Number of protein chains: 2
Amino acid sequence: MPGHGHLPRVKRVTIEDVAREAGVGRQTVSRALRDLPEIAPDTRERVLAAASRLGYRPNALAKGMRTQRSDVIALIVSDIANPFYPAVARGVYDAAAAAGCSVVLYNTDADPGRERDALEDALARSARGVVGFFYGLPDDVLAGYARSVPLVVADRQLPPDVAASVSNDFASGTAAAVELLARRPDACLGMLAGPVGVAADERRLAFVAACAAHGLGDVSARIVPGPPTIAGGTAAAHRLLDARPEVNGIFAGNDLMGIGAVQAVLARGGAVPRDCAVVGFDDLELSAYLSPPLSTVRIDKYDHGQTLVRALLADTADRISLPVSLVTRATA
Amino acid sequence: MPGHGHLPRVKRVTIEDVAREAGVGRQTVSRALRDLPEIAPDTRERVLAAASRLGYRPNALAKGMRTQRSDVIALIVSDIANPFYPAVARGVYDAAAAAGCSVVLYNTDADPGRERDALEDALARSARGVVGFFYGLPDDVLAGYARSVPLVVADRQLPPDVAASVSNDFASGTAAAVELLARRPDACLGMLAGPVGVAADERRLAFVAACAAHGLGDVSARIVPGPPTIAGGTAAAHRLLDARPEVNGIFAGNDLMGIGAVQAVLARGGAVPRDCAVVGFDDLELSAYLSPPLSTVRIDKYDHGQTLVRALLADTADRISLPVSLVTRATA
DNA sequence: GTGAAAGCGCTAACAT
DNA sequence: ATGTTAGCGCTTTCAC
């Protein structure tokens, strides 16, 4: 069956064609199309009419070539299939669209090489800017890219004046989760940390600090890392519970790991929260409908995405912290 | 705080610079970079060395301008925050990346105007191709675009030789779901259809046909439309159950609506599946962990995405149908 | 095997 | 208010 490649490529309508059709110069067409002021109203009308008559479509490549920048915003995430990112992506998209920009998506799986590839590609496309979640690249590399392209990093701080960042208030969220988990008199808490990444330490420290503040002693030996997935959460919880059967409260790095932790407790014959309570982080859309409904720290993912783009377009180097809130459901 | 706009724009390293550094002509650099055969091995070495010494980065815009096509694949969905699409998007991304392409994402909310805008933008960017879920645009408009850009549509058929399509086998899935729901002797089924869209009729018809095949009579009056969300499913289920209290089996257009239907049955004081069974469609990652775990028709979303891109790159006008399978859990 | 010239479609700068 | 010139960085075509 013949495909598209066989069709004769229709010659593209250019600004030159429109100019000829309207009986004006190229520049006048360009002005009319971009709605610039220095043009007679009736001339504009005539040009616009000619353009639509011919079915003119601006060539974004040519425009970008001339202006040295394209109306593209790069969104770099570890895995769009992880239910945390889609809502962020929608926020990014809406804010970008409001600014007349398109969005190019990159998945890195938290691999530093692929994070770098994504940045390089954004540069090759003369992206208007990059917003992203970076887990593998060190600060200095990111700082280097920030010199070539406007960059806003999510959930991670870069040195002042290097690049803006938009982070969820992980410290407050962790404190609230620990406070909830620490309510039982015999509380013995553990944590399921996300993948070992550059920003992971901050999170560990927040947990250790919150536990210390509640007189729970040094919990650092009860922090176990794992992939940020349901399976990863299950495996990590089993490891934690194998080593420390006395643990009766688990703080998971994200809801997916929280779900996995619940499954692990159940698989060991325990009940949630009776034998072990679980608190997640993110509040996925479906977390409220789970069995049992998951207690978690809610973050506004859509707002996160929008804020990322707004910070990018605002062209500042601020550190923005987004509020979080504890949602108590059935697992803690 | 000073932002990025204040930094002095570093002059871009071009192919010309590399040529000068390596002491060869521009053309030779281009050949070396693209790994073309007509070049002496040592010349290539020298050029490559010069390029990396200078930190040369190819300009995708310039390349696209010259070749009249960019290595970009447009992915058009209604809403990336709907948990159905992210897995598809990942498949699209991986297949695109394997072919050296980037992906630009568009959200249309199923609005025909925005579907059109997305297509126009893809054209403006000289996209290598477009894959998408179109709910608002009529066949002839899509056919028109298919003449300007390689296009593969998802879950919808276009006339032969116009564009390729990759669809899930909705008919089989519906038949299986109805078979499951029809097992109770007094079965009275209803359907929660997705938004009224161009492809909606095919789905309604599949349901009506499947019910007729099971001797369930004409169910067309028990099909109620609604937004493809949890809230939409709840509302639609309430409307259905208000009008037809005898309904004891609901086939939801997707898992989100299925979750909503379960909530509605529960809110009315009923039990699932005792008073009313529910079967969804999609099998979201979290559907197995819901309360109660949702019975559904599983589709391989990641494969769907990959197949979309492969069909695009293969440049055929085939109609590809993807297999589905029934997953029986607790709601039916 | 290599280099020189031409030009993709657009907009900034400079005329007029 | 409008037209003309130049050139963004690359690849295709054609010389050599």
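Residue numbers start from 1 in every chain, and the chains themselves are labelled A, B, ... in the order their sequence lines are given, proteins ahead of strands. These numbers were taken from a predicted model, which means no experiment stands behind them.
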key: End axis versus end axis in the helix from C:dG1-D:dC16 to C:dT16-D:dA1, the angle rounded to 10°, five pairs used at each terminus   = 40°
inquiry  = Using a 4.0 Å cut-off to any heavy atom of chain B, which nucleotides of DNA chain C are the first and last in contact, reading 5' to 3'?
reply    =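 So the outermost contacting nucleotides come out as C:dG1 to C:dG9.
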remark   = Heavy-atom contacts, protein to nucleotides 8-16 of chain D, under 4.0 Å, summarised as B (base), S (sugar-phosphate only) or - (none) per nt, yield BBBBB----
inquiry  = Determine whether B:Asp94 and B:Tyr302 satisfy the following criterion, side-chain hydrogen bond (donor to acceptor under 3.5 Å, both in side chains), listing intermediate values before the conclusion.
reply    = CA-CA 9 Å; B:Asp94 285 351; B:Tyr302 180 80; 2.5 Å; yes
Residues forming a side chain to side chain contact (heavy atoms under 4.5 Å, CB included) with [X], sequence neighbours excluded:
X	answer
A:Arg57	B:Glu120, B:Leu123, B:Tyr145, B:Ser148
B:Ala124	A:Ala60
A:Asp71	A:Lys63, A:Cys101, A:Arg128, B:Arg125

Residues two or more places apart in sequence or in another chain: which of them pass side chain to side chain donor-acceptor pair (under 3.5 Å) with [X]?
X	result
B:Asp155	B:Asn168
A:Arg53	A:Glu21
A:Gln27	none

request  = Any pair with a residue in residues 62-90 of chain A that passes ring pair (Phe, Tyr, Trp, His ring centres under 6.0 Å), sequence neighbours left out, goes on the list, sorted by first then second residue, please.
outcome  = A:Phe84-A:Phe133, A:Tyr85-A:Phe133
key: Any pair counted as salt bridge (charged side-chain N to carboxylate O under 4.0 Å, His left out), so long as it reaches residues 72-86 of chain B, sequence neighbours left out   = A:Arg90-B:Asp79
message = Holding to salt bridge (charged side-chain N to carboxylate O under 4.0 Å, His left out), I want the full list of residues that pass it with A:Asp300, two or more places apart in sequence or in another chain.
response =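 Salt bridge (charged side-chain N to carboxylate O under 4.0 Å, His left out) check on A:Asp300 returns nothing, list empty.
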